[in-house]
Amino acid sequence: MPTIVIKLGEERATGYIAEMHKLDPDLKIREWPDVGDPNDVDIAMVWKMPHGELAKFPNLKLIMSMAAGVDHVLGDPDMPRGVPLVRVTDPHMARSMSHWAAMNILRLHRETAYYEDLRSRREWAPERAFDTDSVRVGILGLGYLGTHVAKMLQAMGLKVQGWARSPKSIEGIRSFQGTDGLHEMVASTNYLLCLLPSTPETVGIMNADLFARMPKGSHVLNCGRGAQLVEPDLTAALDSGQIAGAALDVFREEPLPQDHPFWTDKRIIMTPHHAAEVYPPAVAATFLDNIRRCREGLPLNGLVDLSVGY
Ligand code: NDP
Ligand code: OXD
């Protein structure tokens with residue numbers, strides 16, 4: 001009997017299983033590590049499955065990343081490379097990511113930390129105007145999420161530009177490619193937001209050299225993957241004033257270690273890797289559609305190109 005194995009944090013797995021069973025009560029789902037006979041397993045739905053586990057299912061036909069990112073699967077040296085891998089592309093998630101970006105760009109732009117500090121001392125701040133016309137957001141990654149975020153920020157009246165591997169034609173948003181394009185874009189970007197997948201090409205992309213190319217007093221936001229930011233370079237750029245503030249949702253090591261300097265750095269807004277969530281009621285139907293497609297041999301949605309790693 002074809003069986004789905006699901007691996008997520010416990011409460012989250014229960015939510016997904018319940019939503020999928022609402023739509024198809026006959027689905028046979030097992031929660032890892034209680035997988036039964038590994039020969040029965042044809043589909044694995046995973047988030048951070050321990051390395052080596054996927055290789056234990058000889059009849060696996062589909063790996064579903066329970067996330068937009070697939071680095072947690074591709075990082076497994078024993079991942080069965082011949083098995084198709086799909087990922088989440090979901091409007092609920094895109095809206096959530098856009099809200100995170102908008103909220104944090106505005107928190108930085110409107111100097112929320114400064115005003116909260118004044119408030120804590122019962123001080124009324126002098127009146128001032130915010131120069132929103134000069135705000136220019138540069139998005140690293142104009143894929144499913146980056147494009148959605150770009151359009152929402154644009155609808156809020158911000159100037160937006162973006163960088164991707166291939167040229168884009170999104171009305172009112174200039175797109176850049178290649179290393180020269182990246183350097184050109186960041187030179188006129190004062191809010192740099194990373195929404196790239198984690199691949200060997202993107203690791204460490206936000207570093208001292210890139211910060212030095214931005215206008216002095218710029219801001220950095222990372223909601224892609226922690227490995228894309230060289231964390232000590234951010235601290236140094238904040239110390240020198242080259243970067244005025246940052247908002248981070250993802251970190252090199254998660255959960256952030258207790259002794260990490262970011263915990264107490266007031267110049268950095270932090271959220272614990274929940275900029276955009278996969279919400280079971282929103283995605284259950286699309287998951288079931290891909291399961292059906294796989295079992296009926298039809299084309300899959302959200303197929304990952306293993307040759308580029310996203
Ligand atoms: P997509 O695959 O749709 O988009 C990726 C974008 O990055 C594309 O525009 C792609 O260019 C570009 N890109 C990839 N490699 C390079 C490169 N070497 N140089 C330039 N551009 C590059 O992914 P999504 O938009 O769906 O998701 C992006 C990432 O966001 C995920 O991989 C994940 O890491 C992160 N994420 C984080 C979440 C959180 O809660 N913090 C939640 C969800 C996702 P091109 O279009 O030309 O292919
Ligand atoms: C994702 C994430 O990639 O939540 O979906 O990080």
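First listed ligand is number 1; within each ligand, the first listed atom is number 1.
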Polar side chain donor-acceptor pair, [X] to [Y], under 3.5 angstrom:
X	Y	value
Glu253	His260	no
Arg87	Tyr144	no
Glu201	Thr199	yes
Lys168	Ser166	yes

Closest approach of any protein heavy atom to [atom], naming residue and atom:
atom	answer
atom 2 (O) of ligand 1	Tyr310 CD1, 3.2 Å
atom 4 (O) of ligand 1	Gly143 CA, 3.1 Å
atom 35 (C) of ligand 1	Gly224 O, 3.6 Å
atom 18 (N) of ligand 1	Glu201 CB, 3.6 Å
atom 27 (O) of ligand 1	Leu145 CD1, 3.5 Å
atom 5 (O) of ligand 2	Ala68 N, 2.7 Å

Backbone or side-chain N or O of [X] under 3.5 Å from ligand 1 N or O:
X	result
Ala68	no
Ser198	no
Arg225	yes
Lys168	yes
Met93	no
Val250	no
Cys223	yes
His274	no

Which heavy atom of [X] sits nearest a heavy atom of [Y], and at what distance?
X	Y	result
Gln228	Cys194	OE1-SG, 3.1 Å
Pro167	Gln177	CA-NE2, 3.2 Å
Val278	Pro280	O-CD, 3.5 Å

Check if [X] has a non-hydrogen atom at a distance under 4.0 Å from any atom of ligand 1.
X	value
Leu195	yes
Thr89	no
Arg87	yes
Met97	yes

Numbered atoms and elements of ligand 1 in range of His273, under 4.0 angstrom, heavy atoms: 39 (C), 40 (O), 41 (N)
Can you list the atoms of ligand 1 that are under 4.0 Å from a heavy atom of Ser166? 45 (P), 46 (O), 47 (O)
Is Tyr144 touching ligand 1 with its side chain, its backbone, both, or neither, if touching means heavy atoms under 4.0 Å apart? both
Check each heavy atom of Arg165 against ligand 1 and say whether those closer than 4.0 Å belong to the side chain, the backbone, both or neither. both
At the 4.0 Å heavy-atom cut-off, does Arg225 count as touching ligand 2? yes
Determine, using heavy atoms of Met93 and all atoms of ligand 2, whether some pair is separated by less than 4.0 Å. yes
Give the cluster check for [X] versus [Y]: same hydrophobic cluster or not, with ILVMFWY residues linked at side-chain heavy-atom distances below 4.5 Å.
X	Y	answer
Met79	Leu62	no
Ile17	Ile63	no
Leu108	Phe211	no
Leu195	Ile269	yes

Between Met185, His219, Arg213, which is the residue that forms a side chain to side chain contact (heavy atoms under 4.5 Å, CB included) with Leu192? Met185
Select one of side chain, backbone, both or neither to describe which atoms of His273 lie under 4.0 Å from any atom of ligand 2, heavy atoms only. side chain
Looking only at non-hydrogen atoms, the one of Leu196, Ile205, Leu248, Asp249 nearest atom 29 (C) of ligand 1 is Leu196
Between Gly141, Pro197, Pro272, flag the one that comes closest to atom 5 (C) of ligand 1 by a heavy atom. Pro197
In terms of relative ring orientation, are His109 and Tyr191 parallel, tilted or perpendicular, with 30° and 60° separating the classes? perpendicular
Describe, in one word, how the ring planes of Trp47 and His273 are oriented to each other, choosing from parallel (under 30°), tilted (30 to 60°) and perpendicular (over 60°). perpendicular
Near Gly69, which atoms of ligand 2 are under 4.0 Å from a heavy atom of that residue? 1 (C), 3 (O), 5 (O)
Check this for me: does any side-chain nitrogen of one of Arg119 and Glu116 sit under 4.0 Å from a carboxylate oxygen of the other? no
Are Asp37 and Arg30 ion-paired here, with the side-chain N under 4.0 Å from a carboxylate O? no
